[in-house]
Amino acid sequence: MGNKRARTHADNKQEVKHPQKRFYRSRAHSNPLNDTHFKVPAMPAEVEWPRLFPDFCKAEAPSEINSEVRFADVGCGFGGLLVRLSPLYPDTLMLGMELRDKVADYVRERIDALRQEHQGKYTNISCVRTNTQKYLPHYFRKGQLTKMFFLFPDPHFKTANHRRRIISDTLLADYAYLLAPGGMLYTITDVEELGQWMATRLDRHPSFQRLSEEELAADKAAGVLTSATEEGQKVARNEGQTWRAVYRRL
């Protein structure tokens, strides 16, 4: 009987189909300043949290969740960081946010496949398609987040396009508003000029303080920044260099 159950479980796992990236081709980057039409909640209470995190819904209050989302992966790409962090922080809800529609679809299907393949796991991660430069405060309340990730963002090399960069003086005010005191903001890039740009703006912002390498050594999330994402793995294969900077919300 035991062997039969084991075979049945193995067969169920084999039946789970994971999405393939080649069917979700999209431009490498999108212009966040373009007017893209998709559903946007008016306020955090209107986000369909039970649909995103069904295992965390209260039976007596289906419109609420037991634990609020604490991590936000801004520009989550193909979801590598979410998948990596999920078992490291199993009781923490994490939301990936992606502007490209096909990429967001891929992440959602990837998470669904992982949930089917590993019963009871990966229920704490989800993904929405949205424009974080415009709508981030529509999803989170003041001081709600404890970690925000900005991994390998679009460098927007042309000077005229620097206003599209995800780390800017204006947007840092939003991030400071949404992060709880002591919360962490993580950045990493393989473009030296962009790394300097992000660090310069964070260094001079009164709400953020850079962590030392000694402090980062004890941070589980900081340790996976390079290897968790598909972009980071590509950089590693090409033996490229990365610039990492992590800041604490004062």
Side-chain angles (χ1 to χ4, degrees), residues 40-41 43-58 61-77 79-98 104 107-108 110-111 114-115 118 120-133 135-151 153 166-167 171-188 202 207-211 215-216 218-225 228-229 244-250:
V40 178
M43 61 187 71
E46 294 187 4
V47 180
E48 296 178 348
W49 297 118
R51 178 179 61 82
L52 298 172
F53 303 98
D55 285 18
F56 286 81
C57 292
K58 297 178 181 178
S63 62
E64 299 179 4
I65 52 177
N66 292 328
S67 302
E68 292 181 328
V69 174
R70 298 301 183 187
F71 294 3
D73 185 5
V74 178
C76 66
L81 179 68
L82 292 171
V83 172
R84 188 72 171 273
L85 291 179
S86 178
L88 293 179
Y89 301 89
D91 298 321
T92 301
L93 299 188
M94 315 175 197
L95 186 65
M97 315 183 85
E98 174 59 47
V107 177
R108 286 191 287 262
R110 180 182 185 181
I111 293 173
L114 287 169
R115 289 176 178 178
H118 307 277
K121 297 183 178 180
Y122 300 102
T123 58
N124 61 328
I125 57 176
S126 193
C127 176
V128 296
R129 184 198 178 201
T130 192
N131 186 336
T132 55
Q133 291 199 19
Y135 304 123
L136 197 61
H138 291 239
Y139 288 86
F140 307 114
R141 294 183 296 99
K142 178 181 179 181
Q144 177 177 336
L145 299 174
T146 58
K147 293 185 186 294
M148 297 185 72
F149 299 90
F150 302 85
L151 308 191
I166 196 66
I167 297 294
L171 292 173
L172 283 178
D174 285 346
Y175 306 154
Y177 176 84
L178 298 173
L179 275 170
M184 301 293 191
L185 188 152
Y186 299 78
T187 70
I188 190 170
L202 281 156
S207 295
F208 293 99
Q209 181 180 59
R210 188 166 185 170
L211 271 66
E215 291 174 300
L216 291 179
D219 189 315
K220 292 185 294 184
V224 302
L225 297 186
T229 67
R244 179 185 68 172
V246 180
Y247 291 78
R248 179 182 292 108
R249 170 71 164 90
L250 298 175

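Computation of the quantities below employed the complete heavy-atom set of this structure, encompassing side-chain atoms and omitting hydrogens, waters and symmetry-equivalent molecules. As the structure is a computational prediction, the values presented were derived from the model and not from experiment.
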Do the side chains of R249 and S207 get nearer than 4.5 Å, heavy atoms only?
yes
Could you report the tightest heavy-atom contact between Y135 and Y139, atom names first, then the distance?
O-CD1, 3.3 Å
Kindly indicate whether the side chain of V69, heavy atoms from C-beta on, has any atom under 4.5 Å from the side chain of F53.
yes
With the side chain counted from C-beta on, respond yes when T130 and H138 share a heavy-atom pair under 4.5 Å apart, and no when they do not.
no
Any side-chain heavy-atom pair from L172 and I167 closer than 4.5 angstrom?
yes
Looking only at heavy atoms, what is the nearest atom pair of I166 and Q133, with distance?
CD1-CG, 3.5 Å
Can any side-chain N or O of W49 pair as donor or acceptor with the backbone N or O of E68 at less than 3.5 Å?
no
Using side-chain heavy atoms (C-beta onward) and a distance below 4.5 Å, is L211 in contact with R248?
yes
Please find the pair of heavy atoms, one from L82 and one from L95, that lie closest to each other, and give the distance.
CD2-C, 4.2 Å
Tell me whether T187 contacts the main-chain N or O of A245 through its side chain, where contact means a donor paired with an acceptor under 3.5 Å.
yes
Residue pair L179, M148: steps toward the side-chain contact (heavy atoms from CB on, under 4.5 Å) verdict:
CA-CA 8 Å; L179 275 170; M148 297 185 72; 3.8 Å; yes
Side chain to side chain, L136 and M97, heavy atoms closer than 4.5 Å:
yes
Has the side chain of R115 got a donor or acceptor atom that lies under 3.5 Å from a matching backbone atom of Y122?
yes
Over all heavy atoms of both residues, which pair between V47 and P41 is shortest? Give the atoms and the distance, please.
CG2-CG, 3.6 Å
With the side chain counted from C-beta on, respond yes when L178 and Q144 share a heavy-atom pair under 4.5 Å apart, and no when they do not.
no
Interatomic spacing from CZ in F56 to OG1 in T123 - rounded to 0.5 Å
4.5 Å
Short side-chain to backbone donor-acceptor contact, R244 and I188, under 3.5 Å:
no
Check step by step if ring pair (Phe, Tyr, Trp, His ring centres under 6.0 Å) holds for F208 and Y175.
CA-CA 10 Å; F208 293 99; Y175 306 154; 7.9 Å; no
Partners passing side chain to side chain contact (heavy atoms under 4.5 Å, CB included) against Y89 (at least two apart in sequence or in another chain)
F71, L85, T92, M94, K147, D219, K220, A221
Stepwise side-chain contact (heavy atoms from CB on, under 4.5 Å) test for L114 and K121:
CA-CA 8 Å; L114 287 169; K121 297 183 178 180; over 6 Å; no
For L145 versus A72, what's the shortest heavy-atom pair and its separation?
CD1-CB, 3.9 Å
Gap separating the CZ atom of R210 from the CG atom of L216, nearest 0.5 angstrom
8.5 Å
Using every non-hydrogen atom in the two residues, find where V107 and C76 come nearest and quote the distance to one decimal.
CG2-SG, 4.4 Å
Q209: side-chain hydrogen bond (donor to acceptor under 3.5 Å, both in side chains) partners, not counting sequence neighbours
none
Just verifying a value: how many Å separate L93 CG and L52 CG, rounded to the nearest 0.5 Å?
10.0 Å
